[in-house]
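Since this is a predicted model, take the numbers as computed values, not measurements.
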Amino acid sequence: MSEPIGRFDYVIVGAGSAGCVLANRLSADPGKRVLLLEAGGKDTYIWIHIPIGYLYTQNNPRTDWCFETEPEAGLGGRALKYPRGRVLGGCSSINGMIYMRGQARDYDLWRQMGNPGWSWAEVLPYFKKSEDFFKGADEWHGAGGEWRVEEPRVRWPILDAFREAAAELGIPKIEDFNRGDNAGCSYFHVNQKNGVRWSTAKAFLKPAMGRPNLEVLTHAQAKRLLFEGRRVRGVEFWRHGALQRVIAEIEVILAAGAIGSPQLLQVSGIGPGALLREHGIEVVRELPGVGENLQDHLQIRPVFRVENALTLNQRGNSLFWRGVMGLEYLLFRRGPLSMAPSTLGAFARSDPSFETPNLEYHVQPLSLDRFGDPLHPFPAITPSVCNLRPTSRGHVRIRSGDPRETPAIKPNYLSTPEDRKVAADALRLTRRIMAAKALAPHRPEEYRPGAHLTGDEELATAAGEIATTIFHPVSTCRMGPAEDPTAVVDARLRLHGMGGIRIVDASVMPTITSGNTNAPTIMIAEKASDMILEDARG
């Protein structure tokens, strides 16, 4: 039997990018009691805060769930590491820190799919609400909010040359990706404050921790939802080996992410009926879309050797330069230790027929065979590129009724002809950029996948062999009208057919955004907070 720990108005499951925002906004009303449950621990690990520390927080059980995908046919049968934050701040404590909203078209499409209130014009105020933009407020940006957005604190001449080369091919140099049309090439804006990672735990949760009506429990992993008929009444969870339960007077809010939220729903009896019955779980509410429709950005990672250029390969492989980099960061909070994994970005079209850019480049002044391996012993860059709007769809499905068992994660990368064609065209565009005059002094030479590959199918196959996730899983509990049989929540993020529960995280996105997904997830939590408080007032 589980031990009751009391009653709260709101119980939030997951203290990640969305959960920390929700905890702040909902507890701002002193009349409402809020409980935030986090399966991981506190964000005291030093490598969370040093930007380059993502190398030590991902695939580390102290801060990461350490998921893996199923073997992927489109990737030559490889399974990928699939980092998801398991610590206060969630993925915002281990991610690449890139501030990217996506395109206006993304949100207008959400509205057109039957989700009123989610157009670009309607969500832009929520992006601005929490923003603290380094240049100050204007038509597109906010200032004075919790979510700090700054310029990167390190630049590389070889990346400047790539930017000039992209301009030669009609990808213009711009200064800001976040005005609704991100076509062009620029340095990414990052979520840092004076060279230190700025997570949602720091920005939203810690300022609210002193409120007497907010309680935060770490090392608290949800076991199942508690029901009273067709209403969710609470959560049962483990904490330090003991089984406990809590009652939510108003709502339980799932903010466990695109993997955790569908998994918890399924083990609790909400999801595809056949899957639940297969694992001996009583079907409380059959919703076929729970765990389906998984979308992610697959990052294709070509490598080009260069000459006459400084890259992180030389610095990272030198004991002397590692010492210099450490000292530079210690004294000035600058240099390579302050950099996001990707510094320069570009948005382009793989084919002129696309209405808006369908490719995103994350250009890195380094190269390695795979994450976790040593840097190459020669100077090189990795102009990695992803298809922003993949047509491949995957799923997240439980393997048993035990929520402690990792679910089966199957993105189905490169499983459609459209995605394979975009992958081939993306590699061709990359080659044209690298062959432009601006890069000629550096004599770029294709190291991976190899210049001898030219045909559509061999390029698509090669793309799968050098690709990895860029950690943007979404849409496994997607938003949509009740008549849509695959929708899980409505436009106010309430679970279809059940009371007392909402889902507020990246899983509710109807389609993946055209860019990095952390900022959109924070926006969703901002908008959801307003809707939750409005509904509570009646």
Side-chain angles (χ1 to χ4, degrees), residues 15-17 20 38-69 79-98 152-154 188 190-203 206 218-219 257 259 299 301 311-343 362 364-377 382 384 406 468-473 516 518:
S17 296
C20 289
E38 168 55 42
K42 296 180 179 179
D43 60 338
T44 53
Y45 188 39
I46 184 63
W47 287 113
I48 291 173
H49 310 290
I50 300 173
I52 201 71
Y54 69 90
L55 293 169
Y56 307 105
T57 56
Q58 293 182 12
N59 304 314
N60 179 345
R62 179 172 180 170
T63 48
D64 182 5
W65 284 95
C66 298
F67 293 136
E68 283 193 12
T69 70
L80 297 181
K81 302 290 186 184
Y82 216 64
R84 297 283 88 197
R86 190 174 192 254
V87 65
L88 290 180
C91 288
S92 75
S93 289
I94 70 169
N95 69 3
M97 296 162 284
I98 292 172
R153 297 169 72 86
V154 61
F188 288 121
V190 292
N191 295 121
Q192 295 180 8
K193 197 165 190 176
N194 299 322
V196 176
R197 176 189 290 275
W198 197 241
S199 69
T200 56
K202 291 179 184 176
K206 291 191 177 175
T218 54
H219 304 290
I259 308 302
Q299 184 184 54
R301 296 181 56 81
T311 73
L312 194 59
N313 287 9
Q314 295 106 301
R315 286 195 168 191
N317 285 318
S318 162
L319 184 61
F320 170 77
W321 276 110
R322 288 202 299 269
V324 170
M325 290 189 296
L327 193 60
E328 185 179 15
Y329 185 78
L330 182 65
L331 296 177
F332 307 111
R333 295 292 186 264
R334 293 188 176 275
L337 270 66
S338 74
M339 66 183 267
S342 300
T343 308
H362 293 77
Q364 300 162 340
L366 55 86
S367 68
L368 35 72
D369 286 335
R370 62 185 60 85
F371 288 114
D373 285 0
L375 296 168
H376 288 142
T382 304
S384 61
T406 300
T468 186
T469 175
I470 201 167
F471 321 128
H472 297 164
N516 310 71
N518 193 60

Which residues pass the side chain to side chain donor-acceptor pair (under 3.5 Å) test with [X], sequence neighbours left out?
{"X": "His362", "value": "Glu360, Asn516"}
{"X": "Glu328", "value": "none"}
{"X": "Arg301", "value": "Gln299, Gln364"}
{"X": "Thr311", "value": "Gln314"}

Sequence neighbours excluded, which residues qualify as side-chain contact (heavy atoms from CB on, under 4.5 Å) partners of [X]?
{"X": "Ser318", "result": "Phe320, Trp321"}
{"X": "Ser93", "result": "Ile48, Val87, Ser199"}
{"X": "His376", "result": "Val303, Asn313, Ser367, Asp369, Phe378, Tyr447"}
{"X": "Thr469", "result": "Leu80, Tyr82, Asp296, Tyr413, Phe471"}

Sequence neighbours excluded, every pair satisfying salt bridge (charged side-chain N to carboxylate O under 4.0 Å, His left out) that has a member inside residues 41-61 = Asp43-Lys206

Can you run down the salt bridge (charged side-chain N to carboxylate O under 4.0 Å, His left out) pairs that involve residues 56-68, sequence neighbours left out, and say none if there aren't any?
->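 Qualifying pairs: Glu68-Lys81.
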
Of all the heavy-atom pairs spanning [X] and [Y], show the shortest one and how long it is.
{"X": "Ile52", "Y": "Trp47", "result": "CG2-CZ3, 4.0 Å"}
{"X": "Leu337", "Y": "Gly326", "result": "CD2-CA, 4.1 Å"}
{"X": "Leu366", "Y": "Thr382", "result": "O-OG1, 2.7 Å"}
{"X": "Cys20", "Y": "Ala15", "result": "SG-O, 3.4 Å"}
{"X": "Ala340", "Y": "Gly96", "result": "CB-O, 3.1 Å"}
{"X": "Pro374", "Y": "Leu368", "result": "O-CB, 3.5 Å"}

Between Ser92 and Asn518, do the side chains contain an N or O donor and an N or O acceptor separated by less than 3.5 Å?
->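 No, no side-chain donor-acceptor pair sits under 3.5 Å.
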
Report yes or no: do Asn95 and Arg197 form a side-chain donor-acceptor pair below 3.5 Å?
-> yes

Geometric cation-pi criterion Arg84 and Trp65, 6.0 Å radius, 45° cone |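 Checked: cation-pi criterion not met.
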
4.5 Å side-chain heavy-atom contact, [X] and [Y]:
{"X": "Gln192", "Y": "Arg333", "answer": "no"}
{"X": "Arg86", "Y": "Pro61", "answer": "no"}
{"X": "Thr63", "Y": "Tyr45", "answer": "yes"}
{"X": "Arg322", "Y": "Arg315", "answer": "no"}
{"X": "Pro51", "Y": "Val196", "answer": "no"}

Output yes when a side-chain donor or acceptor of Arg334 lies under 3.5 Å from a complementary backbone atom of Gly195, and no otherwise.
->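 No, Arg334 side chain to Gly195 backbone: no donor-acceptor pair under 3.5 Å.
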
Would you say Ser338's side chain and Pro152's backbone share a donor-acceptor pair under 3.5 angstrom?
-> no

Can you list every side chain to side chain donor-acceptor pair (under 3.5 Å) pair that touches residues 49-59, not counting sequence neighbours?
->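 Residue pairs with at least one partner in residues 49-59: His49-Lys202.
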
